[in-house]
Amino acid sequence: MTVFDNVSIGALGNVGHSAWQALIPGRRLGSRKISELTRDALDQVHLSAQAGELAANLSYGRRKYR
């Protein structure tokens with residue numbers, strides 16, 4: 001999964017949905033709100049530039065919030 005995808009999973013709880021609900025095909029789950037929350041979170045931890053990278057490719061230090 002990408003960095004953006006990983007952070008999006010965390011944003012689901014902020015819009016009242018569980019990760020399991022996101023797995024149901026055809027559900028939109030407020031995707032605009034989730035994307036907005038995800039972008040804001042990535043900006044806060046200075047990972048916006050790496051949003052499209054695979055999370056596994058981040059260094060250990062970049063995976064941890066400082």
Side-chain angles (χ1 to χ4, degrees):
M1 290 174 58
T2 66
V3 172
F4 189 89
D5 293 338
N6 274 276
V7 176
S8 292
I9 296 294
L12 286 171
N14 289 329
V15 293
H17 299 293
S18 72
W20 292 110
Q21 288 174 311
L23 297 175
I24 299 170
R27 302 280 310 260
R28 298 238 358 148
L29 298 180
S31 60
R32 262 190 238 142
K33 183 65 174 171
I34 292 168
S35 292
E36 179 183 315
L37 290 169
T38 300
R39 283 190 300 275
D40 290 345
L42 290 172
D43 286 342
Q44 288 177 9
V45 296
H46 310 289
L47 283 175
S48 295
Q50 290 83 21
E53 290 184 32
L54 292 177
N57 291 343
L58 291 178
S59 68
Y60 178 78
R62 296 296 288 168
R63 291 183 202 177
K64 300 293 179 185
Y65 179 73
R66 298 176 220 181

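Cluster membership for L58 and L54, using ILVMFWY side-chain heavy atoms within less than 4.5 angstrom, is not shared.
One finds the OG atom of S48 at 3.5 Å from the CG atom of D43 (value rounded to the nearest 0.5 Å). Atom OG of S8 and atom CG of L42 lie 7.5 Å apart (nearest 0.5 Å). From T38, atom OG1 reaches atom CG of L47 across 12.5 Å, with rounding to the nearest 0.5 Å.
In plain terms, the two heavy atoms of A51 and T2 that are nearest each other are O-CB, 3.6 Å. Heavy-atom minimum distance, N6 versus A55: ND2-CB, 3.3 Å. Nearest heavy-atom pair, R62 versus Q50, reported as atom, atom and distance to 0.1 Å: NH2-OE1, 3.2 Å.
Not counting sequence neighbours, the partners of E36 by the salt bridge (Lys or Arg N to Asp or Glu O under 4.0 Å) test are K33.
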Next item on the list: List the steps and the verdict of side chain to side chain contact (heavy atoms under 4.5 Å, CB included) for R39 and F4.
Entry: CA-CA 8 Å; R39 283 190 300 275; F4 189 89; 4.1 Å; yes
